[in-house]
Amino acid sequence: MAFRPLHDRVLVRRIEAEEKTAGGIIIPDSAKEKPSEGEIVAVGNGARDDDGDRIPLDVKAGDRVLFGKWSGTEVKLDGEDLLIMKESDIMGIIG
């Protein structure tokens, strides 16, 4: 993929939710919520502080992360639905 986010933005691929509940009930597509878990695909170089020094990001490509339900901007790149969001929209790294 020839896309690199700028500054403190990251590109995230959603990880699909389970098709069944713990009790074995199959969840129809119309009742599913969008997952708030994803994998970092690409990261920017980091924001700059007041002195012009670059602030590195805490996440890297390949990290599994949790983010808010309404976080990010949905984009379609190479036929794949992805999210672009600021690093501050990420709540934590899983793992």
Side-chain angles (χ1 to χ4, degrees):
M1 179 176 305
F3 180 82
R4 183 178 54 90
L6 296 177
H7 308 295
D8 63 341
R9 289 184 172 75
V10 296
L11 186 65
V12 178
R13 175 184 301 119
R14 285 188 196 267
I15 296 174
E16 293 303 319
E18 294 291 323
E19 299 286 327
K20 291 183 183 180
T21 64
I25 299 171
I26 297 175
I27 303 170
D29 288 336
S30 59
K32 286 184 193 173
E33 291 188 17
K34 288 185 177 181
S36 59
E37 183 178 334
E39 178 185 0
I40 303 288
V41 177
V43 297
N45 291 331
R48 293 197 180 267
D49 63 11
D50 294 335
D51 297 328
D53 298 326
R54 193 168 300 277
I55 303 168
L57 298 179
D58 291 329
V59 296
K60 62 185 179 307
D63 284 348
R64 287 179 63 130
V65 296
L66 290 176
F67 50 87
K69 186 183 275 191
W70 307 109
S71 298
T73 302
E74 294 183 359
V75 295
K76 191 169 207 149
L77 295 171
D78 296 337
E80 186 176 15
D81 291 327
L82 301 168
L83 290 168
I84 298 174
M85 66 181 68
K86 286 187 164 254
E87 183 188 33
S88 60
D89 291 340
I90 296 172
M91 292 185 260
I93 300 171
I94 300 172

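By convention here, the first residue in the shown sequence is residue 1.
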Straight-line distance of Leu82 CG to Arg14 CZ, nearest 0.5 Å: 10.5 Å
Residue among Asp8, Asn45, Ile90 satisfying side chain to side chain contact (heavy atoms under 4.5 Å, CB included) with Leu57: Asp8
Closest non-hydrogen atom pair, Ala61 against Val41: CB-O, 3.6 Å
In one Ile/Leu/Val/Met/Phe/Trp/Tyr side-chain cluster, 4.5 Å: Val65, Met91: no
Any side-chain heavy-atom pair of Phe67 and Val10 under 4.5 Å: no
Nearest-0.5 Å distance that lies between atom CG in Leu83 and atom CZ in Arg13: 11.5 Å
Hphob cluster co-occupancy, Ile55 + Val43, side-chain heavy atoms under 4.5 angstrom: no
Pairs touching residues 50-67 that satisfy side-chain hydrogen bond (donor to acceptor under 3.5 Å, both in side chains), sequence neighbours left out: Glu37-Arg64, Lys60-Asp63
Other cluster members, Ile94 - Ile/Leu/Val/Met/Phe/Trp/Tyr, side-chain contacts below 4.5 Å: Leu66
From CG (Asp89) to OG1 (Thr73), nearest 0.5 Å: 9.0 Å
